[in-house]
2 protein chains.
Amino acid sequence: MDGGAPEPGAVNPSVNPSVNMADVARLAGVSIATVSRALRDVPGVSQPTRDRVRDIARELSYVISPEASALSRGHTGRVAVVVPRLEAWFYGAMLGAMAPVLRAADLDMLVYETEGEQERTRFLRELPARRKADAVLLTALPLSQTEVARLDLMGAHVVVAGGTVRDFPHVAVDDLAAGRTAVRHLLDLGHRRVAMLRTNDTDGAVWSADVQRTEAWRTTLRDAGLDASDELLASESYGVDAGARGLARLLALPEPPTAVFAYSDELAFSAIAHARRVGLRVPEDLSVIGVDGHPLGETLGTTTVDQHVTDQGRLAAELVVGLLAGGTVADVEVPATLVVRDTTAPPAH
Amino acid sequence: MDGGAPEPGAVNPSVNPSVNMADVARLAGVSIATVSRALRDVPGVSQPTRDRVRDIARELSYVISPEASALSRGHTGRVAVVVPRLEAWFYGAMLGAMAPVLRAADLDMLVYETEGEQERTRFLRELPARRKADAVLLTALPLSQTEVARLDLMGAHVVVAGGTVRDFPHVAVDDLAAGRTAVRHLLDLGHRRVAMLRTNDTDGAVWSADVQRTEAWRTTLRDAGLDASDELLASESYGVDAGARGLARLLALPEPPTAVFAYSDELAFSAIAHARRVGLRVPEDLSVIGVDGHPLGETLGTTTVDQHVTDQGRLAAELVVGLLAGGTVADVEVPATLVVRDTTAPPAH
DNA sequence: ACGAACCATGAAAACGTTTGCATGGGCCAC
DNA sequence: GTGGCCCATGCAAACGTTTTCATGGTTCGT
C-alpha cells in the first residue's frame, strides 16, 4: 500500500526517525529493490551501482531495520538461550562459549533467565521464545515432567546444552561416567567411606546431570561392596555455603566419611573451606573431589572432573548454527576428564 | 497492499506457518483491528468480544509476531546489554541482576559480548545494536577515546553500569573511594609497604574503574608519605593465574610488600593461593584485600571491598526501564563497603 | 547482421501488525 | 419523542523490508 504518493501525515512516527531504504534509493537514483540487493551482496547488481549504493548508505549512516527485514524474510536472526541462574559460573561459561559462535554466524543472542519452576512454567506457557528467535538453546535446565511435555509447542528448533531433554539434539557429558570417574578415583586412593554432596532444587524438577551423578555415586560404591546409604548423601538447598552446610552434616555422622564427592566445584570449594575452618587438613584428613573444571579450581588446587563447559557451549552453539543452516543433527558427547590436584589423597588410617 | 483478494502464491512462505491475527479474526467473526485491541488490553472492545477473541486465540495457540508488532509500533521491546567477557563472575552477576528487572518490564535481553578493542570497534562501527534494541546497557566496558566519541551515533538510549562513560546516565560505585577504603584499611593495620595488583587489557582502552582504583592506591599511599612507585604496581595480562604471576613479581622485589591491594577478588584469590603455595602465611606474612564482593570470597574468607554488583545491575536495569517509560534520568552512586575477613592483619615485623 | 541468452533494474505484492478515522447503533436527557 | 453522545467496531494506511516477475538493453555466436 505504498504505491501511491506518500501521505503527509504518517501514522506511526518512528522512535528512531532515521533514514530508510527509500532515502538511500532516492539519493542513489535507483529503486529500493536494487538497494536491498546491493547491500546484501546478492547477485543482480552491477559493481558500479553496488559501490554507489554502499557509499550513499554509509554516508547517511543507514542501518537496516531488523524488524522489517525479519518480517519479510520470515526468520529473526536470533537465538534464545535459556538458563536457570545467570550468576552461577557454569552458565556464564556456557554463554561465553556460545557467544562467539553465534556472533560469527550473524545471530543475536537473546538470554532468558527462568528462576524456579514457576517462571519456567510461565515461560513455557506463554511461549515467549516462539517467534522471537529462530532457535532455542536450553542450557542444563531442570525440567519437570509436565514442562518437558509442553516443550514441543514451540515451532522453533531446540538444542540442549549440558544435559538431556527428551529427544532434542544435545551436547553433554556422560554424567554417569563422570560420576563414576570421580568416585573411582577416591576408591582407587583407598577410601572406603565416600559421601556425596549435592544441592536440590526445591521444586520437583528433574535435572539429568544431578540424577545421573548421584546414581553413579551410588552404584559405584555398591559395586565395590561399600555403603551408599542416604545418610552419606547430603542434599542442601542452593547457596554459597551449601557445601559447608552439607559437609557439617556429614562430619557429624557417627562414622564420618574420609572422602567427599561434590556435585560441583563450587560445592567442593565451600566444603574444603569448611573442613579447614574446623581444623581438618585437606587432603590428609579429608579428600574432596568436584565436577566442572571451574577456573578457580586451578587456582585453589582442587581435584575435579572437568566437563569442559566451554567446549559444550561452543559445540551446542555450532549445532544450532548448523541446524539453522539447514544441516542435520548429531548429538555430541563431550568426554569428562579427571584432573587430579591437591585435594585428594589416600586416607589417613 | 492486502486490500485485494489474497493471492494464491504467497511470496514469502513463513518459516513458522502458524496462525496469524487474520485467522483469529475470521474465527471470532471480527476484524483484525478488534483482535489486536482485544489481545493487548487496550480500550475500545466490549467485554464479551474481548473474551471470545481471547478464547479463540488461546485455542489456536496464537502467538503474535514480534517483528510485525515492532515494525508497526516503532520500538522493539528489547534491551541490548554489552559486556566484554561473559565468563567473568562480574558480568554474570550483572546480567543476573538485570534479568528479572527487564523481564518484569516485558523487555527481552539481547546480550553482546565484545572481546577486545577490535570487536568493540567493529561493534560500534556497524552499530548493530541500533534499531535492534530500544536501549543499550554498557556494562563496565573499557573504551578507547575514539570508541567513546563514536558512541553517540546510536539513536538509542544508553545507560552505563559499573563505570562511567562520557555523560551517559550511569550506575557505579565511587571507585576512587573504594580504592581508598581498601588501601586505608591496610594502612590502618600498620602496613607501610603496600603493593597493587591489576590486569591490563592489551589494547589502549580506558577502564574508568581501573584508572580510579589505581589512582586511589597511589594517592592514598603518597598522602601517607609512603612509596607508590611503579615497581609496586604489578600489571599482568588477564588470565586465571594473573594474581599469582603478579604476586610472584612483587615477592621478587628487593623489598617485597607486606600487603597487597588487588583490583578484583579473583585476582586476590589467585594471589593468596600463590602466596600459600610458596610458603607464606596469609594474613600473618602477607595481607591481601580485593574488590568486588565475589560470593566465593565469603567461602574463602577473603577481605574485600564489596561493590554490590547485584545492586548495580538491578539499578541500572531499573534506570533503563524508567528511561524507556519516558522517565527522567538520575545517576546512581552505589556505596562500596569494606568487608573484613581473614586475609588481612597487622604486619609481622 | 540477427536472434538468443543474459544481465541489471524496477514495479509491486507480501510479511503481520498498529492505529487514526469513519460509521452506526443504543441510550440518556430533556 | 428526538437530538446528541458515547462506545464498539471496521477500514485501510503505514511500518520497511524481501522477492518474484517483467522489461529493456547488451553481448555473443553464427
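By convention in this document, chain letters (A, B, ...) are assigned in the order of the sequence lines, proteins followed by strands, and residues within each chain are numbered from 1.
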With sequence neighbours left out, the residues meeting side-chain contact (heavy atoms from CB on, under 4.5 Å) with A:T76 are A:R78, A:D134, B:E67

Atom CE of B:M21 and atom P of C:dG16 are separated, to the nearest Å, by 12 Å

Determine whether any donor atom in the side chain of B:S69 lies under 3.5 Å from an acceptor atom in the base of C:dT17, or the reverse, and answer yes or no. no

- [ ] Pick base, sugar-phosphate or nothing for A:S36, based on heavy-atom distances below 4.0 Å to the nucleic acid.
- [x] base

Residue set satisfying salt bridge (charged side-chain N to carboxylate O under 4.0 Å, His left out) with A:R37, at least two apart, ordered chain then number -> none

Between CZ of A:R26 and C1' of C:dG10 the distance, given in whole Å, is 16 Å

Between CG of A:L71 and C1' of C:dA14 the distance, given in whole Å, is 9 Å

Residues at least two apart in sequence or cross-chain that pass side-chain contact (heavy atoms from CB on, under 4.5 Å) with A:D41, listed by chain then number, are A:R50, A:R54

To the nearest angstrom, the CG-P distance between A:D41 and D:dT18 comes to 13 Å

Sorted by chain and number, sequence neighbours left out, side-chain contact (heavy atoms from CB on, under 4.5 Å) with A:T310 holds for A:A97

Rounded to whole Å, the CZ-P distance (B:R73 to D:dG16) equals 16 Å

In whole angstroms, the gap separating P of C:dC21 from CD1 of B:I32 amounts to 20 Å

With sequence neighbours left out, the residues meeting side-chain hydrogen bond (donor to acceptor under 3.5 Å, both in side chains) with B:T114 are none

Of the candidates D:dG10, C:dA11, C:dT17, the side chain of A:A33 sits closest to C:dA11

* **Below 4.0 Å: OP1/OP2 of D:dT17 and any side-chain N or O of A:Y62** => yes

**Request:** Output yes when B:R52 and B:D55 qualify as a salt bridge under the 4.0 Å nitrogen-oxygen rule, no when they do not.
**Result:** no

Taking five pairs at each terminus, the helix from C:dA1-D:dT30 to C:dC30-D:dG1 shows an axis bend, to 10°, of 30°

Applying side-chain contact (heavy atoms from CB on, under 4.5 Å) to A:D331 and not counting sequence neighbours gives A:P169, A:H170

Whole-Å distance, B:N20 CG to C:dT18 C1', equals 15 Å

Rounded to whole Å, the CG-P distance (A:L39 to D:dT17) equals 9 Å

Are any protein N/O atoms closer than 3.5 Å to N/O atoms in nucleotides 6-9 of chain C? If there are, list each pair with its distance.
{"unit_1": "C:dT9", "atom_1": "OP1", "unit_2": "A:T49", "atom_2": "OG1", "d": "2.6"}
{"unit_1": "C:dT9", "atom_1": "OP2", "unit_2": "A:S46", "atom_2": "N", "d": "3.0"}
{"unit_1": "C:dT9", "atom_1": "OP2", "unit_2": "A:S46", "atom_2": "OG", "d": "3.4"}
{"unit_1": "C:dT9", "atom_1": "OP2", "unit_2": "A:T49", "atom_2": "OG1", "d": "3.3"}

Those residues at least two apart in sequence (or on a different chain) that pass side-chain hydrogen bond (donor to acceptor under 3.5 Å, both in side chains) with A:D23 are A:R26

Requested in this report: Given side-chain contact (heavy atoms from CB on, under 4.5 Å), test B:L324 with B:V79 step by step and report yes or no.
Outcome: CA-CA 10 Å; B:L324 290 181; B:V79 171; 4.1 Å; yes

